[in-house]
Each structure stands twice: as C-alpha cells, then as structure tokens.
Amino acid sequence: MAKINDGGPAFPVHIENCTNGNMVALGVLLPPGSTVDFQGMTLRDYFAAKAMQAMAGNINSYSDADADRIASAAYGLADAMLAAREGKS
C-alpha cells in the first residue's frame, strides 16, 4: 500500500530561543533559551475536517452509518484537494 499524502503540517509553529523567561506556547511551558516545533494536524486532516463540516451541516439528522460514510467521503475530498494542489487532477 502506498503512503498516503498527508500534505505535511497544516499550521506548524516554530519558536526559537525564548528570551523572556518562561513562556507558555500552545499550552506548553518553555524554559528560557528553548527551541521547539509544533507540527499540529496535517493538511489532509484540515481539508477533511472542512469538507466534513460542510457535508454534515447539510444533513438534518444522521446515524452512525451516515457518520462513517461522511468521514470517508471527507477524506476522499481531502485527497482530491491535495492532488489538485500538486497538479495531478
């Protein structure tokens, strides 16, 4: 099975050499002089969440079976968006 293209991190944060004493970033206490990278969710997950939000928002009520179908379709749309970004669609 081929590796799924996840698009990389959606909203990465890089904090380098904290200088103002202890600092809280994204809920993590960073000591002075520390450097840290937060990768966060993938672009694929972000695209799927946006697609799922739109699809679920157009349904008055749904069952667990619908939720599985919507989640699967959302990732299908996310994969299509990633392919389009790479000029493959």
Side-chain angles (χ1 to χ4, degrees):
M1 176 184 244
K3 181 181 182 294
I4 294 174
N5 175 13
D6 65 12
F11 304 105
V13 174
H14 176 77
I15 299 170
E16 189 168 326
N17 194 19
C18 299
T19 57
N20 297 332
N22 288 332
M23 178 176 146
V24 175
L26 302 175
V28 177
L29 179 63
L30 304 173
S34 62
T35 297
V36 67
D37 287 302
F38 296 98
Q39 297 303 310
M41 76 172 93
T42 67
L43 191 55
R44 182 176 186 252
D45 290 332
Y46 179 73
F47 284 165
K50 290 295 190 175
M52 186 174 61
Q53 182 180 24
M55 287 185 275
N58 288 319
I59 298 175
N60 291 334
S61 65
Y62 54 91
S63 67
D64 288 343
D66 293 326
D68 289 342
R69 193 176 78 250
I70 291 169
S72 181
Y75 273 101
L77 285 169
D79 291 339
M81 287 190 285
L82 288 170
R85 288 180 83 228
E86 296 177 357
K88 294 181 180 177
S89 65

Which heavy-atom pair separates [X] from [Y] by the least distance, and what is that distance?
X	Y	answer
P12	P9	CD-O, 3.9 Å
A74	A48	CB-O, 3.4 Å
I70	M55	O-CE, 3.7 Å

How many angstroms lie between [atom1] in [X] and [atom2] in [Y], if you round to the nearest 0.5 Å?
X	Y	atom1	atom2	answer
M81	Y75	CE	OH	11.0 Å
D79	D6	CG	CG	10.0 Å
Q39	H14	CD	NE2	10.5 Å
T42	L82	OG1	CG	8.0 Å

Legend entry - F11-I15 co-clustered via ILVMFWY side chain contacts under 4.5 Å: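 In one cluster with F11: I15, no.
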Legend entry - Cluster check M52, L77: I/L/V/M/F/W/Y, side chain < 4.5 angstrom: yes
